[in-house]
Amino acid sequence: MSLRQVNMTKVAALLAVLAFALKGFEEVHGAIQPGTCRLVCDPFQSQSGTHDLGANGLVIPLASSGGGPPGPVGPPGKAGPPGPPGPKGDSSVTRGGVAFYATLKEDFGKDEVLKFTNVITNLGGCYDSSTGTFKSRAAGVYHFSYYIVKTGVSLRADLVLNDKVMAGAVAVDALHTDTASNSAVLQLRAGDRVYVRLNKSDRTLKDTQNLFSTFSGYLLYEL
């Protein structure tokens, strides 16, 4: 029998003795908690031909507790795959859009509602050229602007919401053609009416070609 085989036989016998001893220890003191002992078997033989138990051989370190303190936090793992797309959000602009732009062709005076009959844009169909009135189809925030050219001494034009004046403009240059203009951002309910009305004014300019006097508006977003 070789020396290596002899050493392996001794190690096997020693392990059998230790297993028997540990079984008896459990019967007397109860089961051994995880981490209370560690067995290391290293039958490595040194160059001198003798077994160096200080570096190899059988090592049984004992500890009074089940484990040491927690180690440091490891580095973050790789990012996972992207999740499924979320639900579709509400658009800031209503479907189809609402916007209009019309110009004044006929002349008006005194306290008349201006009827801008030359309609260039009317997305959503909310502007009625026969009455000069924009009627909102949905609650939301809208922007309106108007420009009115006079021919007489003075002119005042008001932006009106349901018979309430929301903005006013004047043209008072008695010697020259002058323009009254203003704009407003209004919160409307469905069915509200917006129009431009003169206020004790001289005549507006009759214009069929130059498009000087205009009225426009559009929906910023629905509420």
Side-chain angles (χ1 to χ4, degrees), residues 84-223:
K88 185 178 180 180
D90 295 330
S91 174
S92 61
V93 179
T94 185
R95 293 184 297 273
V98 175
F100 75 96
Y101 170 63
T103 67
L104 197 64
K105 296 172 61 177
E106 304 299 326
D107 60 329
F108 296 85
K110 296 184 179 180
D111 299 308
E112 292 183 282
V113 174
L114 301 184
K115 300 177 179 62
F116 299 82
T117 56
N118 182 30
V119 180
I120 297 175
T121 301
N122 195 13
L123 298 177
C126 296
Y127 176 72
D128 183 357
S129 62
S130 65
T131 62
T133 301
F134 172 86
K135 185 177 181 180
S136 61
R137 70 179 186 184
V141 178
Y142 295 76
H143 178 271
F144 298 93
S145 61
Y146 62 98
Y147 302 84
I148 311 300
V149 178
K150 74 169 183 64
T151 58
V153 176
S154 65
L155 179 144
R156 172 169 176 166
D158 297 328
L159 183 68
V160 182
L161 167 61
N162 298 332
D163 298 325
K164 181 179 180 181
V165 175
M166 307 305 292
V170 295
V172 294
D173 188 340
L175 300 178
H176 305 89
T177 300
D178 198 4
T179 302
S181 63
N182 209 337
S183 63
V185 175
L186 303 178
Q187 179 178 334
L188 305 184
R189 299 167 298 180
D192 281 348
R193 297 175 299 110
V194 179
Y195 51 91
V196 179
R197 184 178 63 196
L198 296 181
N199 188 342
K200 299 179 177 62
S201 297
D202 289 331
R203 306 301 294 182
T204 63
L205 176 67
K206 186 174 183 179
D207 177 18
T208 58
Q209 295 180 345
N210 297 305
L211 313 179
F212 285 146
S213 300
T214 66
F215 181 33
S216 62
Y218 55 90
L219 172 62
L220 293 174
Y221 57 89
E222 289 188 4
L223 296 176

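In this chain, numbering begins with 1 at the start of the sequence shown.
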Contacts of Phe144 meeting ring pair (Phe, Tyr, Trp, His ring centres under 6.0 Å) (sequence neighbours excluded), chain-then-number -> Phe134

All heavy atoms of Asn182 vs all of Gly168, minimum pair found to be ND2-O, 2.7 Å

dist Glu106:CD -> Thr204:OG1 (nearest 0.5 Å) comes out at 9.0 Å

Salt bridge (Lys or Arg N to Asp or Glu O under 4.0 Å), that's the test. Do Lys150 and Asp202 meet it? Break it down for me. CA-CA 7 Å; Lys150 74 169 183 64; Asp202 289 331; over 6 Å; no

Exactly one candidate in Val185, Leu220, Val98 meets side chain to side chain contact (heavy atoms under 4.5 Å, CB included) with Tyr142; the answer is Val98

Item to complete: Say whether, by atom type as modelled, one donor and one acceptor occur between the side chain of Arg193 and the main chain of Thr133 under 3.5 angstrom.
Response: no

* Do you see a donor-acceptor pair shorter than 3.5 Å between the side chains of Tyr195 and Asp163? -> yes

field: Flag side-chain contact, heavy atom, 4.5 Å: Lys200 against Lys110
entry: no

> Counting N and O atoms only, with roles assigned by atom type, does the side chain of Thr208 sit under 3.5 Å from a partner on the main chain of Lys105, one being a donor and the other an acceptor?
Replying inline: no

Return yes if some donor-acceptor pair links the side-chain N/O of Tyr127 with the main-chain N/O of Phe116 below 3.5 Å, else return no.
yes

What one should report as the nearest heavy-atom pair of Arg137 and Ala190 is O-CB, 3.9 Å

query: Taking the side chain from Asn122 and the backbone from Phe100, do they hold a donor-acceptor pair closer than 3.5 Å?
result: no

Shortest non-hydrogen pair, Ala171 vs Asp178, comes out as CA-OD2, 3.4 Å

Discussion item. Contact between Asp158 and Arg156 at the side-chain level, heavy atoms closer than 4.5 Å - yes or no?
Written reply: yes

Nearest heavy-atom approach of Ala167 to Ala184 is CB-CB, 4.5 Å

query: So, Asn162 side chain and Asp192 main chain: donor-acceptor pair closer than 3.5 Å or not?
result: no

So OH of Tyr146 and OG of Ser216: to nearest 0.5 Å the spacing works out to 12.0 Å

Dump the intermediate steps for side chain to side chain contact (heavy atoms under 4.5 Å, CB included) on Val149 and Asp207, then the final yes or no. CA-CA 9 Å; Val149 178; Asp207 177 18; over 6 Å; no

The reported gap from CG in Leu123 to OH in Tyr218 (rounded to nearest 0.5 angstrom) is 13.0 Å

Residues Lys115 and Leu104: closest non-hydrogen pair is O-CD1, 3.3 Å

**Request:** Show your working on side chain to side chain contact (heavy atoms under 4.5 Å, CB included) between Arg189 and Leu223 and close with a plain yes or no.
**Result:** CA-CA 9 Å; Arg189 299 167 298 180; Leu223 296 176; over 6 Å; no

Next on the checklist: Measuring only between side-chain heavy atoms, which start at C-beta, is Leu159 closer than 4.5 Å to Phe215?
Outcome noted: yes

**OP:** Could you tell me whether a side-chain N or O of Asp107 sits under 3.5 Å from a main-chain N or O of Leu205, the two making a donor and an acceptor?
**Re:** no

Between Leu198 and Ala157, the two heavy atoms sitting closest are CD2-CB, 4.2 Å

Hits for side-chain contact (heavy atoms from CB on, under 4.5 Å) against Thr103, two or more places apart or cross-chain, chain-then-number order -> Tyr101, Asn118, Ile120, Leu211, Thr214

#### Entry: Whether Thr151 side chain and Arg203 backbone form a donor-acceptor pair below 3.5 Å
yes

Fill in: Verdict with supporting geometry, Val194 and Val160, side chain to side chain contact (heavy atoms under 4.5 Å, CB included)
CA-CA 6 Å; Val194 179; Val160 182; over 6 Å; no

